[in-house]
Amino acid sequence: MADPQSFTALVVETILRIPKGKVASYGQVAAIAGYPRMARHVSWVLNRDSRKYNLPWHRVVNASGGISLKGESGDLQRALLESEGVEFSPAGKVSMKLFGWLQG
DNA sequence: GCCATGGCTAGTA
DNA sequence: GCCATGGCTAGTA
C-alpha cells in the first residue's frame with residue numbers, strides 16, 4: 001500500500017456512502033476506494049475508526065453476504081441490519097442481489 | 001477445503 | 001504468524 005493515510009481516508013469515505021438498508025462486502029469497499037485485494041485491511045479500518053467517524057460498520061459483510069464477526073458483535077451487527085430492513089436467509093446470509101449497495 | 005493477498009494494527013462498535 | 005476476505009487460479013508454454 002503506497003499511502004496508508006490515503007487508504008484509510010478513502011475507505012472511510014466509501015463506508016460512509018453505503019446507504020441505510022444496504023450492504024457492501026469488504027472487497028467491494030476496498031475496490032471502490034481504489035485498493036483492490038485490500039479486503040482484509042478494510043476490516044482493520046472498520047474496527048479502528050468506526051467510533052471516530054461514526055461509521056455504519058454493520059453495513060459491511062463478507063462476499064457471501066454473511067456476517068464475519070463472531071459472538072455478540074455478530075449478533076449486534078445482524079440486529080442493526082435487521083433494524084434497517086435488511087433480511088437474512090435461514091442460513092444467516094444477506095442477499096447481495098436484493099440488499100447489495102452495488103447490485104440491486 | 002484450500003491457498004493467495006498484504007501490511008503489521010489487536011478492539012468488541 | 002495473524003486476519004471482521006476472496007475466489008476457486010497458482011502455470012509461463
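This is a predicted model, so every value here is computed, not measured.
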Face-on cation placement of A:R78 at A:F88 ring, 6.0 Å and 45° thresholds: yes
Interatomic spacing from NE2 in A:H58 to NZ in A:K20 - rounded to 0.5 Å: 8.5 Å
Spacing of the P atoms in C:dC8 and B:dG6 (rounded, Å): 16 Å
Euclidean distance, atom CD1 of residue A:I32 to atom P of C:dG6 [Å, nearest integer]: 12 Å
Gap between atoms CD and C1', on A:E84 and B:dA13 respectively (whole Å): 14 Å
For A:E13, side chain to side chain contact (heavy atoms under 4.5 Å, CB included) partners two or more places apart: A:L10, A:R17
Candidates A:V29, A:D49, A:I32 - the one meeting side chain to side chain contact (heavy atoms under 4.5 Å, CB included) with A:I15: A:V29
Rounded distance (nearest 0.5 Å) linking atom CH2 of A:W57 with atom OG of A:S43: 13.0 Å
Under 4.0 angstrom between A:R51 side-chain N/O and B:dT12 OP1 or OP2: yes
Watson-Crick or G-U stems of DNA chain C, 3 or more pairs, under 3.5 Å, by first number: B:1-4 with C:5-8, B:6-8 with C:1-3
Ion pair A:R59/A:E84, N-O distance below 4.0 Å: yes
Atom pair distance, as rounded to whole Å: NZ in A:K52 and C1' in B:dG11: 15 Å
Pairwise P distance for B:dT5 and C:dT12, with rounding to whole Å: 15 Å
Results of side chain to side chain contact (heavy atoms under 4.5 Å, CB included) for A:S83 - residues two or more places apart only: none
Syn or anti conformation of C:dG11, syn meaning chi within 90° of 0: syn
Atom C1', compared across B:dA4 and C:dG11: separation rounded to whole Å: 14 Å
Partner set under side chain to side chain donor-acceptor pair (under 3.5 Å) for A:N62, not counting sequence neighbours: A:S68
Shorter than 3.5 Å, N or O on both sides, protein versus nucleotides 3-5 of chain C: list them out with atom names.
| residue | atom | partner | partner atom | Å |
| --- | --- | --- | --- | --- |
| C:dC3 | N1 | A:R40 | NH2 | 3.4 |
| C:dA4 | N3 | A:Y26 | OH | 2.4 |
| C:dT5 | N3 | A:R40 | NH1 | 2.8 |
| C:dT5 | O4 | A:R40 | NH1 | 2.8 |

Rounded distance (Å) that lies between atom C1' of B:dT12 and atom CD of A:E72: 9 Å
A:H41 NE2 to C:dC2 P, straight-line distance once rounded to whole Å: 15 Å
Whole-Å distance separating the CG atom of A:L55 from the P atom of B:dA13: 14 Å
Sequence-distant partners of A:A30, side chain to side chain contact (heavy atoms under 4.5 Å, CB included), two or more places apart: A:M38, A:V42
